[in-house]
2 protein chains.
Amino acid sequence: MNKPSLRDVARRAGVGTTTVSRVLNKHPNISDTTRARVIAAIEQLGYVPDVGARHFRLGRTHAVSALLPMIGTPFYETLLTALHSPLEAEGYDLALFPLLGSQRVRRFRDASALAYRADALLIVSQDPAQLYGGPPPFHGPTVLLDAHHPGYHSVSFDNHRAGRLAAEYALDRRLPIVFLDGADAPDAPGSPVFVARRAGIVQTLSRHGIRPVLTVSVLPEQEGLRTAAQQIAAQRPPGPFLILSMTDDLALGLRQHLQDSGLRLSEDYLLLGFDGSAAAAAAGLSSVVQPVRAMGEAAASVLLGALSGDLSTLVQRQFLPTLREDRSTVLHADRHLNPA
Amino acid sequence: MNKPSLRDVARRAGVGTTTVSRVLNKHPNISDTTRARVIAAIEQLGYVPDVGARHFRLGRTHAVSALLPMIGTPFYETLLTALHSPLEAEGYDLALFPLLGSQRVRRFRDASALAYRADALLIVSQDPAQLYGGPPPFHGPTVLLDAHHPGYHSVSFDNHRAGRLAAEYALDRRLPIVFLDGADAPDAPGSPVFVARRAGIVQTLSRHGIRPVLTVSVLPEQEGLRTAAQQIAAQRPPGPFLILSMTDDLALGLRQHLQDSGLRLSEDYLLLGFDGSAAAAAAGLSSVVQPVRAMGEAAASVLLGALSGDLSTLVQRQFLPTLREDRSTVLHADRHLNPA
DNA sequence: TTGAAAGCGGTACCAC
DNA sequence: GTGGTACCGCTTTCAA
């Protein structure tokens, strides 16, 4: 016995398909008695409307697809949570398509991919130009989040300025600088976020005639951090120094490993991270803060604007970094010097 | 100007719609010249096939929907990556629907939800009975992952036994036990994972007439951990003790905070976690290991079996815990005692 | 090798 | 208030 269709329901209830459709969609102008008959028929047959058919007919899915480079970090959890609520309030559903594994870029290039069966597309933390060779296989409102590209609506974070801010703050501390760089996985598309931060840092330092006494590049894995810590412990400058870490997560991981090597935060070294994560805050880590929630909300608003068609011009909102100073960038020695 | 349809292409190329369809689907028996004409027309019009219409016509979407309680942890990243590859190899696409925010359960109850527009459904780390009040609004192959329920295919982890294993190992250490319990967010549906682990731990301990000297319950947030650490530092037993932590993440976070309170791992306390995460391994944390990758792969295989219809009986695979012993459960004192 | 036409499951116009 | 029917874009017999 096959899945019953709307027509089966109509036949069973002795009414036309129009009437069944009206009942399903809660239209007015249906007598209570017919409505009851239809509902009875629906229950008897165990009828469930076919979402796909409805979408097809209406030409819209009420869905937004988000293309993500990964999941598994609190950053995306926060960002997407902030994004989701406003969308939901307007009746849109959100589906996530992370780039799981490595060679999956291909998946996004296929125009028949499930992700493109949506009313709007959100490209997160990725450069559309290198995601697709040419034009995207999606023809509908498209918004970039945590990324920027001329020709697309975008909500982004000024990572270059963030790098500058971090570097300037680091310079102010007047300590030798160790740079803990984040490397991209060899098969993943290079993260524009890292590129911009790195540029901001390096350019600012060199403008002041300073170069890091040591630069360590670490893959987004756990093992790399231990090696990095050992390297830093071995090659560190004689006195206290400041570590500039590409992300909070790297900073916190490194801190743990340095501890194992006998180096103590605030005594032997200072530490500055990026992102302003909750974990960083809880750990007393100074960080260049990114307004993650606000960015998610802004993206939702741009998306909704584009969906309702009243976005005449390109919207490109860029959020600015702020620096949150905490214990990790204050030397114990200095605390005694300045008891004020 | 509207989006061109297959019919427009046919007209432009001076052929029938059948031919265009055949070219698109790479059917044989098409002359090279007509194929060329069709392809030219497609490019001139910038035609992109309508995925939704095709799905509608075929009655299948080649999609699998995964319902997740959250994202943002490496656990799901690993699990889903392992799951994704085999599915992709069979031509299936994977869409993620995390329960973002709090009151989103409602979303999953709506039969017209986007998630149910798929060929198969994967319910991850959630009890279908409490996810849906009654029967699920989805009529197709459904598989539970990291969860178990009679009447569903499932791939799960024996969390109760994991709890038992942890408790037995802890008892062997013959130290007072502090239990760092994980609390569920007040609005989230209670995690069956925690329930089972907790039961395994508590039952095993009490069977041996032991109760934790201290139980601290902590929400999945950063702030709770600091408080927990303070509480433990204040109320700890006089000598060394062992902390049993509900997850590796909690264990690692706690370790950091305890350090700030002056308590040192392996000297003042031992630490045992759950999950066998990469971060735990890198940090030398002993842990009850869950074979995450294997579980993901197994789920994919069950899913594919169900999709091809050759699953005559219910498949319920349960994976067993193993204990990975590392530095975190060895006292420094003992190292000296047993130099062998 | 190619094309005409039926139809997947809904919705909405228009007539009654 | 209600029903007949065209149609959304595509795939697939069936016949030529």
Side-chain angles (χ1 to χ4, degrees), chain A residues 1-39 41-42 45-62 111-114 116-119 137-140, chain B residues 1-39 41-42 45-62 111-114 116-119 139-140:
Chain A
M1 203 202 77
N2 266 328
K3 222 180 57 155
S5 80
L6 181 142
R7 260 188 268 271
D8 297 323
V9 175
R11 202 157 18 216
R12 188 91 148 96
V15 300
T17 59
T18 312
T19 305
V20 178
S21 177
R22 287 210 182 100
V23 170
L24 286 172
N25 297 290
K26 310 199 198 305
H27 274 263
N29 294 356
I30 292 279
S31 78
D32 286 350
T33 53
T34 31
R35 194 204 321 284
R37 274 232 301 293
V38 169
I39 291 182
I42 287 177
L45 275 69
Y47 167 74
V48 178
D50 183 320
V51 208
R54 168 194 251 121
H55 288 168
F56 170 55
R57 171 66 231 230
L58 262 20
R60 357 186 310 135
T61 60
H62 279 277
S112 76
L114 183 65
Y116 302 123
R117 175 122 189 71
D119 293 344
F138 179 76
H139 298 280
Chain B
M1 201 200 75
N2 265 327
K3 220 180 61 154
S5 80
L6 182 142
R7 249 187 284 270
D8 297 323
V9 175
R11 202 157 19 217
R12 188 89 147 97
V15 299
T17 60
T18 316
T19 305
V20 179
S21 176
R22 287 208 181 100
V23 169
L24 287 171
N25 297 290
K26 306 199 200 308
H27 274 266
N29 295 356
I30 293 278
S31 77
D32 286 350
T33 52
T34 27
R35 193 202 325 282
R37 271 232 302 291
V38 170
I39 291 181
I42 287 178
L45 274 67
Y47 167 72
V48 177
D50 182 320
V51 208
R54 168 194 250 122
H55 288 167
F56 171 56
R57 171 66 232 238
L58 262 20
R60 359 185 310 138
T61 60
H62 278 277
S112 75
L114 183 65
Y116 301 124
R117 175 127 186 67
D119 292 344
H139 299 282

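Since this is a predicted model, take the numbers as computed values, not measurements. Letters A, B, ... mirror the listed sequences (proteins, then strands); counts begin at 1.
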- Please state how far atom NZ in B:Lys26 lies from atom C1' in C:dT1, giving the value in whole angstrom units. 19 Å

- A:Ser21 side chain near C:dT11 phosphate (N/O to OP1/OP2, under 4.0 Å): yes

- Item | Distance, nearest 0.5 Å, that separates CZ of B:Phe56 from CZ of A:Arg54 | 13.0 Å

- Message: Rounding to an integer number of Å, can you tell me how far A:His27 NE2 sits from C:dC14 P?
- Response: 15 Å

- Query: For A:Ser31, which contact category applies under a 4.0 Å heavy-atom criterion: base, sugar-phosphate, or nothing?
  - Reply: sugar-phosphate

- Message: What is the separation between atom CZ on A:Arg117 and atom C1' on D:dG9, rounded to the nearest whole Å?
- Response: 11 Å

- Item | Exam field: side chain A:Asn25 to backbone A:Arg22, donor-acceptor pair closer than 3.5 Å | no

- Task: Answer with base, sugar-phosphate or nothing: what part of the nucleic acid does A:Thr34 contact at a heavy-atom distance below 4.0 Å?
- Result: sugar-phosphate

- Message: Using OP1 and OP2 only, check whether a side-chain N or O of B:Asn29 sits under 4.0 Å from C:dT2.
- Response: no

- Task: Looking at every strand, decide which applies to B:Thr18 at a 4.0 Å heavy-atom threshold: base, sugar-phosphate, or nothing.
- Result: base

- Message: Minimum heavy-atom separation for A:Ala13 and A:Ala41, please, with both atom names.
- Response: CB-CB, 3.8 Å

- When you measure from every atom of DNA chain C, which of residues 49-58 of chain A have a heavy atom less than 4.0 Å away? A:Pro49, A:Asp50, A:Ala53, A:Arg54, A:Phe56, A:Arg57, A:Leu58

- A:Val38 and A:Val9 have their tightest heavy-atom pair at O-CG1, 4.2 Å

- Message: Tell me the interatomic distance from A:His62, atom NE2, to C:dT11, atom P, rounded to whole angstroms.
- Response: 12 Å

- Message: When you compare the side chains of B:His62 and B:Arg60, does any donor N or O come within less than 3.5 Å of an acceptor on the partner?
- Response: yes

- May I ask you to verify if any side-chain N or O of A:Thr19 is less than 4.0 angstrom from the OP1 or OP2 atom of D:dG3? yes

- Message: Can you tell me whether the side chain of A:Arg35 and the base of D:dG1 have a donor-acceptor pair closer than 3.5 Å?
- Response: no

- Note on the structure: The answer to which of A:Arg7 and A:Pro28 contacts DNA chain D further toward the 5' end, by nearest nucleotide, is A:Pro28

- Atom-pair distance (CG on B:Leu6; P on D:dC7), nearest Å: 17 Å

- Task: Provide, to the nearest angstrom, the distance between the CD1 atom belonging to A:Ile30 and the P atom belonging to C:dA12.
- Result: 13 Å

- Task: Under 4.0 Å between any heavy atoms, over every strand shown, what does A:Val20 touch: base, sugar-phosphate, or nothing? Just pick one.
- Result: nothing

- Task: Taking atom types as modelled, find out whether B:Ser31 and B:Thr34 have a side-chain donor-acceptor pair closer than 3.5 angstrom.
- Result: yes

- Round to the nearest Å and state the distance from B:Arg22 atom CZ to C:dA4 atom C1'. 12 Å

- Within this structure, what is the CG-to-C1' distance between B:Asp32 and C:dT1, rounded to whole angstrom? 12 Å

- Does B:Thr61 use its side chain to pair, donor to acceptor, with the backbone of B:Asp119 at less than 3.5 Å? yes

